[in-house]
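First up is the structure itself, then whatever we jot down about it.
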Amino acid sequence: MLGYAAMNRTLRERDPPRRCNRDMRKATWESEGLDRAAELAERNLRDLRAILEWNRDHGIRFYRCSSTLIPWNSAFDIEELPNYERIRSLARDCGAFVRANGVRLTFHPDHWCKLASESADTVARSVETVAHHGRWLDLMGLPRSPRYAINVHIGAHYGDKAATAERFCDVVADLPPRARARLTVENDDTDSLWSVPELVESVADRVGIPVTFDYHHHAFADRGLTYREAFELARPTWGDVRPIAHYSEPARLHGDADARPQAHAHHVARVPPWLRRAADVMVESGGKERSLFRLRS
DNA sequence: TGGCGTCAAGGTTGC
DNA sequence: GCAACCTTGACGCCA
């Protein structure tokens, strides 16, 4: 399967727009609080259902939902929402749709999520982040499996990779099951950070979570491995679950000579067939769902 | 209503 | 030691 992340450009341009990433700024959160969060969450969940239906109608069964599905959820318990029962019902409905249609739904908390941080406060906030993603998937009634992944990066080295890996594993082992059982870890796009072999050896083999292979990121920390060798290293960490891989192409190869090497191109030319055969591939490009259509044509 | 400056959070690197 | 940068759409102020 091929998938895309977050925004659906086609539905975003409709009137009214359909999207599941409505958010608010701090000042709004402080002035309007739970009532506003409740309203945005409800609209986001309704539109998530619409996006999932649109995906199915267009042959797309792999989708990464925005982490602002329930905005500011790290600041409150979801049961505190005044419309909690409606939220629960909408989430259950999305989950039922996902299961009935063989959809793979995942999340990818952003780079503020630092499970291996040296700061206890940062770790606590990061644990809360993956925990509430797990809560959403539970509300949807989806199995606690990396089929419905909550994918994170370690994203730092703190000057000591061995100690960082140790902290990461300790924190992961203590996560609530709703997050722990769905957690996956992805290779970074920086030479000093976490490559596929490092994640497999230092994390996956120790604490038993799958490694998400990001094809584009691998170029920045290849450790002498070809793309295929790196993927084959990550593959067994998924056990019985079909692996997820991320695929994008450098903007520089698509005419943007000034782009930094890590920048993603707006579309991708071709997903390697060996990768498509062995994994569900999340295409990360600005073109979103339209990039998938171009790959088919 | 449209344009546009700014946005909760962490960490690395360059100066 | 401080500032820029990551990344990117969307929020929300202001004209």
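What you see is a predicted model, and the numbers here were worked out from it, not measured in a lab. In what follows, chains are A, B, ... by sequence order, proteins preceding strands, each numbered from 1.
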**Message:** Expected output is a numbered-order residue list: members of residues 120-136 of chain A with a heavy atom under 4.0 Å from any atom of DNA chain B. What is it?
**Reply:** A:T122, A:R125
**Request:** Specify the residues of residues 151-159 of chain A, ordered by number, for which at least one heavy atom lies under 4.0 angstrom from an atom of DNA chain B.
**Result:**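 Heavy-atom contacts with DNA chain B come from A:A156, A:H157, A:Y158.
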**Ring-face cation of A:R56 near A:F97 (centre distance under 6.0 Å, axis angle within 45°)** = no
In whole Å, I'd like the distance from the [atom1] atom of [X] to the [atom2] atom of [N].
X: A:L11; N: C:dA10; atom1: CG; atom2: P; answer: 13 Å
X: A:W72; N: C:dA10; atom1: CH2; atom2: P; answer: 18 Å
X: A:H264; N: C:dG9; atom1: NE2; atom2: C1'; answer: 16 Å
X: A:N44; N: C:dG9; atom1: CG; atom2: C1'; answer: 13 Å

**Message:** Given A:D138, which partner from the list A:R88, A:R182, A:R178, A:R92 fulfils the salt bridge (Lys or Arg N to Asp or Glu O under 4.0 Å) test?
**Reply:**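 Testing A:D138 for a salt bridge (Lys or Arg N to Asp or Glu O under 4.0 Å) against A:R88, A:R182, A:R178, A:R92 leaves exactly one candidate, A:R182.
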Atom pairs, N/O to N/O, protein against nucleotides 13-15 of chain C, distance under 3.5 Å?
none

Between the side chains of [X] and [Y], does any donor sit under 3.5 Å from an acceptor?
X: A:S192; Y: A:T190; answer: no
X: A:S195; Y: A:N187; answer: no
X: A:T68; Y: A:N21; answer: no
X: A:S67; Y: A:H133; answer: yes
X: A:H153; Y: A:D188; answer: yes
X: A:Y4; Y: A:N55; answer: yes

**Asked** Can you say whether the rings of A:F213 and A:Y227 are parallel (under 30°), tilted (30 to 60°) or perpendicular (over 60°)?
**Response**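 The arrangement is perpendicular - the two ring planes meet at more than 60°.
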For atom [atom1], what is the distance between [N] and [M], given to the nearest Å?
N: B:dA8; M: C:dC2; atom1: P; answer: 23 Å
N: C:dA4; M: B:dC7; atom1: P; answer: 14 Å
N: B:dG3; M: C:dT8; atom1: P; answer: 23 Å

**Message:** Counting the atoms with a prime plus P, OP1 and OP2 as sugar-phosphate, which does A:S119 contact under 4.0 Å by heavy atoms, base, sugar-phosphate, or nothing?
**Reply:**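 A:S119: no heavy atom of the nucleic acid under 4.0 Å.
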**Asked** Is A:W29 touching bases, backbone alone, or none of the nucleic acid, heavy atoms closer than 4.0 Å?
**Response** nothing
Is the shortest heavy-atom distance from the side chain of [X] to the side chain of [Y] under 4.5 Å?
X: A:N44; Y: A:I70; answer: no
X: A:W112; Y: A:T129; answer: no
X: A:D214; Y: A:D189; answer: no

**Request:** Supply the atom-to-atom distance A:E32 CD to A:E39 CD, rounded to the nearest 0.5 angstrom.
**Result:** 8.0 Å
**Asked** For the side-chain hydrogen bond (donor to acceptor under 3.5 Å, both in side chains) test, which of A:H217, A:H108, A:E284 pairs with A:H246?
**Response** A:E284
**Asked** Between A:R12, A:R22, A:R19, which is the residue that forms a side-chain hydrogen bond (donor to acceptor under 3.5 Å, both in side chains) with A:D47?
**Response** A:R22
Is it true that, when you exclude [X] itself, more than 12 heavy atoms of the residues, nucleotides or ligands shown sit nearer than 6.0 Å to its [atom1]?
X: A:R206; atom1: CZ; result: yes
X: A:D57; atom1: CG; result: yes
X: A:R223; atom1: CZ; result: yes

**Item:** Bracket notation of DNA chain C in which parentheses pair within the strand, [ ] cross earlier pairs, and | pairs with another strand (Watson-Crick or G-U, under 3.5 Å)
**Value:** ||||||..|||||||
**Asked** Between which nucleotides of DNA chain B, read 5' to 3', does contact with chain A run, using atoms under 4.0 Å from its heavy atoms?
**Response**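 Result: B:dG5 to B:dT13.
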**Ring centers of A:H264, A:H216 separated by less than 6.0 Å** =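 Yes; A:H216 has its ring centre under 6.0 Å from that of A:H264.
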Are any protein N/O atoms closer than 3.5 Å to N/O atoms in nucleotides 1-6 of chain C? If there are, list each pair with its distance.
| unit_1 | atom_1 | unit_2 | atom_2 | d |
| --- | --- | --- | --- | --- |
| C:dC6 | O3' | A:R260 | NH1 | 3.3 |

Under 4.0 Å between a side-chain N/O of [X] and OP1 or OP2 of [N], yes or no?
X: A:R9; N: C:dG9; value: yes
X: A:N21; N: C:dG9; value: no
X: A:R19; N: C:dG9; value: no

